[in-house]
Amino acid sequence: MHVNGKVALVTGGAQGEAGQESKAALDEQFEAQRTVFIQCDVTDQEQLKGAFKKVIEHFGRLDIVVNNAGVNNEKDWESTIQINLTSVIRGTYLGLEYMRKGNGGNGGVIINISSLAGLMPAAFQPVYCATKHGVIGFTRSIAVTANMENYGVRLNTICPGFVNTPILQSIDKEENMGQYYSYKDEIKNMMQFYGVMDPSIIAEGLITIIEDDTLNGEVMKITASQGIHFQQYSQTPFTSKR
């Protein structure tokens with residue numbers, strides 16, 4: 001799949017006023033109707049459904065979904081689960097509803113953003129870690145289903161290390177760390193050890209997954225030390241044939 005002419009919905013791309021500013025910047029490069037900013041609380045089922053509906057109404061189709069919205073909040077851990085995992089699952093099902101070929105769609109690709117914390121323990125971030133493990137397990141499983149059912153939709157996961165984004169800049173705040181706040185220096189030490197990446201390398205990984213039609217159920221890791229590479233798993237022992 002080439003990105004030219006394709007319609008993509010990205011959650012968590014911006015917030016409030018920043019979203020309007022992002023659209024204005026894109027409007028200077030492209031025609032205004034090429035992008036649309038939709039204010040949406042991804043934890044609100046009806047708002048998320050509405051966002052997908054608006055994209056279809058505006059562009060007439062949907063080819064790419066990136067479930068990117070996420071938080072790192074151990075204090076309000078229920079919200080972390082809702083945003084990081086529940087909304088990703090719901091966004092995936094909404095994407096499949098509109099894109100899968102058996103339902104009148106044209107096929108496409110769904111990319112769910114996890115984290116390296118989805119592949120290993122994350123001290124002082126247990127709930128965040130749990131949600132990111134969940135994103136990987138869900139995406140790999142639904143990717144097998146999509147292949148077996150011939151949805152025409154590929155589903156993959158990206159697991160970045162530390163990325164220079166607003167969520168990273170507030171990761172060691174008391175309102176986010178809660179009971180683990182006394183370990184804030186440990187978080188800073190981890191960031192220094194692993195390194196902090198520019199968001200552009202995540203975009204590069206995203207484009208790779210979109211354009212490579214052979215990738216389905218894959219877990220792409222992106223780190224400062226190794227760049228873009230993939231997690232290796234043993235072959236799935238059983239897939240049903242109907």
Do the side chains of Met99 and Ile110 get nearer than 4.5 Å, heavy atoms only? yes
Evaluate the side-chain proximity of Ile89 to Ser87: yes if any heavy-atom separation is below 4.5 Å, no if none is. no
Would you check if the side chain of Ser115 reaches a backbone N or O of Cys159 as a donor-acceptor pair within less than 3.5 Å? no
Pairwise distance CD(Glu46) to NZ(Lys53) - rounded to 0.5 angstrom: 10.0 Å
Do you know the tightest heavy-atom contact between Val196 and Val163? CG1-C, 4.0 Å
Where Ile81 and Thr131 come nearest, the two heavy atoms and their spacing: CA-CG2, 3.8 Å
Give the intermediate values and the outcome of side-chain contact (heavy atoms from CB on, under 4.5 Å) for residues Val109 and Leu155. CA-CA 6 Å; Val109 59; Leu155 300 99; over 6 Å; no
Applying ring pair (Phe, Tyr, Trp, His ring centres under 6.0 Å) to Tyr98 and not counting sequence neighbours gives none
Nearest 0.5 Å please: distance from the CD1 atom of Ile209 over to the CE atom of Met1. 12.5 Å
Residue pairs involving residues 205-221 (criterion salt bridge (Lys or Arg N to Asp or Glu O under 4.0 Å); sequence neighbours excluded): Arg154-Asp213
Sorted by chain and residue number, the ring pair (Phe, Tyr, Trp, His ring centres under 6.0 Å) partners of Tyr194 (sequence neighbours excluded) come out as none
Hydrophobic clusters here meaning ILVMFWY residues chained together by side-chain heavy-atom distances under 4.5 Å, can you tell me if Val127 and Met120 are in one? no
Can you give me the closest heavy-atom contact between Leu85 and Gly134, atom names plus distance? CD1-C, 3.6 Å
Please name all residues satisfying ring pair (Phe, Tyr, Trp, His ring centres under 6.0 Å) with Tyr93, sequence neighbours left out, ordered by chain then number. Phe138
So, does Asp172 use its side chain to make a donor-acceptor pair with the main chain of Lys184 at under 3.5 Å? no
Is it true that a side-chain atom of Ser170 and a backbone atom of Lys173 form a donor plus acceptor pair closer than 3.5 Å? no
Which of these passes side-chain hydrogen bond (donor to acceptor under 3.5 Å, both in side chains) with Thr139: Thr92, Asn67, Asn112? Asn112
Going by side-chain hydrogen bond (donor to acceptor under 3.5 Å, both in side chains), name the residues that satisfy it together with Asn156, two or more places apart in sequence or in a different chain. none
List in chain and number order the residues that pass salt bridge (Lys or Arg N to Asp or Glu O under 4.0 Å) with Lys101, two or more places apart in sequence or in another chain; answer none if no residue qualifies. none
Does CD in Gln169 sit with more than 12 non-hydrogen atoms of other residues, nucleotides or ligands closer than 6.0 Å? yes
Of all residues at least two apart in sequence or in a different chain, which pass the side-chain contact (heavy atoms from CB on, under 4.5 Å) check with Ala51? Ile38, Cys40
Please enumerate all residues that pass ring pair (Phe, Tyr, Trp, His ring centres under 6.0 Å) together with Phe52, with sequence neighbours excluded. none
Pairing donors with acceptors under 3.5 angstrom, does anything connect the side chains of Lys132 and Ser114? no
For Leu94 and Lys49, work out which heavy atoms get closest and say how close. CD2-CG, 3.8 Å
CD1 of Ile222 to CD1 of Ile158: how many Å apart, nearest 0.5 Å? 5.0 Å
Point-to-point distance, once rounded to the nearest 0.5 Å, from CE of Met220 to NE2 of His229: 10.0 Å
Whether the side chain of His133 engages the backbone of Ala117 through a donor-acceptor N/O pair (distance < 3.5 Å, no angle test) should be reported. yes
Looking at every non-hydrogen atom in both residues, tell me the closest pair between Leu215 and Thr208 and how far apart they are. CD1-O, 4.2 Å
I'd like to know whether Val135 forms a side-chain contact (heavy atoms from CB on, under 4.5 Å) with Ile113, so could you lay out the CA-CA distance, the side-chain angles of the two residues, the decisive distance to 0.1 Å, and finally the verdict. CA-CA 8 Å; Val135 168; Ile113 306 300; over 6 Å; no
Can you pull the salt bridge (Lys or Arg N to Asp or Glu O under 4.0 Å) pairs that have at least one residue in residues 58-79, sequence neighbours excluded? Arg61-Asp63, Lys75-Glu174
Could you check whether any side-chain heavy atom of Val71 comes within less than 4.5 Å of a side-chain heavy atom of Asn84, counting everything from C-beta outward? yes
CZ of Phe193: more than 12 outside heavy atoms within 6.0 angstrom? no
How about Phe59: does its CZ atom have over 12 heavy atoms from other parts shown lying under 6.0 Å from it? yes
Gln33: what forms a side-chain contact (heavy atoms from CB on, under 4.5 Å) with it, not counting sequence neighbours? Glu31, His58
Is Ile136 reachable from Leu206 through a run of hydrophobic residues whose side-chain heavy atoms are each under 4.5 Å from the next? no
Examine distances only and state if a side-chain atom of Asn147 and a backbone atom of Ala143 form a donor-acceptor pair shorter than 3.5 Å. no
Check for a donor-acceptor pair, side chain of Asn68 on one end and backbone N or O of Val10 on the other, with a separation under 3.5 Å. no
Determine which pairs satisfy ring-ring contact (aromatic ring centres under 6.0 Å, His included) with at least one residue from residues 147-173, sequence neighbours left out, and list them in order. none
Would you name the heavy atoms of Asn72 and Ile167 that are closest together and state the gap between them? N-CD1, 3.5 Å
Which residues pass the side-chain contact (heavy atoms from CB on, under 4.5 Å) test with Asp41, not counting sequence neighbours? Thr43, Asp44, Gln47
